[in-house]
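Below you'll find the structure, written out as structure tokens, and then a few comments.
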Amino acid sequence: MRNVTLILDDGSRFHGKSFGYEKPVAGEVVFNTAMTGYPESLTDPSYAGQLMTLTYPLVGNYGVPPFTFEANGLPTFMESEKIHAEAIIVSDYSERYSHWNAVESLADWLKREQIPGITGIDTRELTKVLREHGVMMGKIVFDDEPDNVPEAQYAGVNYVDKVSCKEVIRYNEGNGRKKVVLVDCGVKSNIVRCLLKRGVEVIRVPWDYDFNGLDFDGLFISNGPGDPDTCDAAVQNIRKAMQNEKLPIFGICMGNQLLSKAGGAKIYKLKYGHRSHNQPVRMVGTERCFITSQNHGYAVDNNTLGADWEPLFINMNDGSNEGIRHKCNPWFSAQFHPEAASGPTDTEFLFDEFVKLL
Ligand SMILES: NC(=O)CC[C@H](N)C(=O)O
């Protein structure tokens with residue numbers, strides 16, 4: 001195992017060993033406090049451009065599931081066709097694995113997909129640094145190649161364009177089913193699955209595709225990587241769709257941010273994001289609290305919501321926005337992940353609410 005150093009933009013250094021693909025890499029260093037879910041998180045397109053730190057120390061011990069696909073083309077156990085995170089940073093990589101569904105080790109998968117993985121890092125200490133300073137850019141450098149230092153930019157880059165589908169894909173076509181246009185900003189497979197299992201046809205379109213000429217009954221806006229302020233084309237198309245006040249609209253994560261922007265609200269960057277399986281959110285106007293799966297670095301500024309909108313969920317840790325709804329029209333969204341994958345499924349009922357509206 002080659003020695004590596006993780007260098008953060010503030011100059012902090014963490015020494016570890018390479019266990020994945022051997023390539024220096026740079027990106028935004030973020031942390032996730034979930035105890036499980038590395039196959040789902042690594043393949044979540046929303047991690048594009050980021051070096052994913054896991055605070056839970058033992059990683060790799062349940063291996064990696066097979067990369068098989070369902071008849072409709074969706075991967076059976078992964079959230080997309082490939083790893084999107086730039087690298088994974090762990091404390092204690094477990095070379096041995098055991099799980100009924102495992103077919104290979106995390107190290108073998110990372111090497112095959114040419115994604116670096118580093119171990120031996122005190123990821124809890126690293127997380128303290130990120131919480132204190134806020135998320136930072138960082139680089140993984142191989143100690144025996146000190147001059148091979150990678151560069152990367154995260155802010156202002158349109159990552160959605162890199163991960164969105166390039167052409168229209170239809171699922172579950174025909175039979176007079178209700179049709180949902182899904183704006184693919186980097187959609188997770190389980191979102192498509194959550195819609196399909198409720199009997200609708202899904203028309204998945206590229207993030208900047210003007211879907212307004214299509215025949216459809218509802219609009220869904222997906223999760224996706226990077227800064228929502230780089231996705232103006234999507235916001236314009238959503239605004240056009242809003243001319244039909246009866247059209248049901250539902251958004252998740254990036255979808256919450258883009259719907260909010262279409263409604264006139266502003267987005268800001270959180271100091272260190274929400275990435276875990278246990279983020280508590282309260283449904284506004286009730287005492288109901290849900291434990292949610294999350295992965296986002298930006299948030300909607302509640303104070304900038306227009307008069308026709310209100311927060312739908314609020315994060316109980318930091319009071320930030322976790323969803324919005326329109327006061328009259330069937331338009332709502334969640335900042336967290338009701339489709340889980342991975343994490344708790346307690347809020348999957350939001351898909352039922354949306355499909356009922358169609
Ligand atoms: N998972 C997502 O859709 C994330 C949305 C956005 N890229 C953020 O970081 O806030």
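The figures that follow rest on heavy atoms only: side chains count, while hydrogens, waters and symmetry mates do not. Counting convention: from 1, in listed order, for ligands and their atoms alike. Start at 1 with the first residue, then count along the sequence.
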Under 3.5 Å, which donor-acceptor pairs link side chains of residues 212-222 to any protein atom two or more places apart or in another chain?
from	atom 1	to	atom 2	distance (Å)
Asn212	OD1	Ala241	N	3.3
Asn212	ND2	Asp210	OD1	2.9
Asn212	ND2	Asn237	O	3.2
Asp217	OD2	Lys179	N	2.6
Ser222	OG	Val183	O	3.3
Ser222	OG	Cys185	N	2.9

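Around ligand 1, the residues contributing at least one heavy atom under 4.0 Å from the ligand are Ser46, Asn223, Gly224, Pro225, Gly226, Cys253, Met254, Gln257, Asn295, His296, Gly297, Tyr298, His337.
Relative orientation of the His296 and His274 rings is perpendicular, given thresholds of 30° and 60° on the angle between their planes.
The number of heavy-atom neighbours closer than 6.0 Å to CD of Glu70, taken from other residues, nucleotides and ligands shown, is above 12.
Cation-pi contact between Lys162 and Tyr159: present, with separation from the ring centre below 6.0 Å and deviation from the ring axis of at most 45°.
Between Phe349 and Phe290, the ring centre distance stays below 6.0 Å.
Asn172 and Glu201 share no side-chain donor-acceptor pair at under 3.5 Å.
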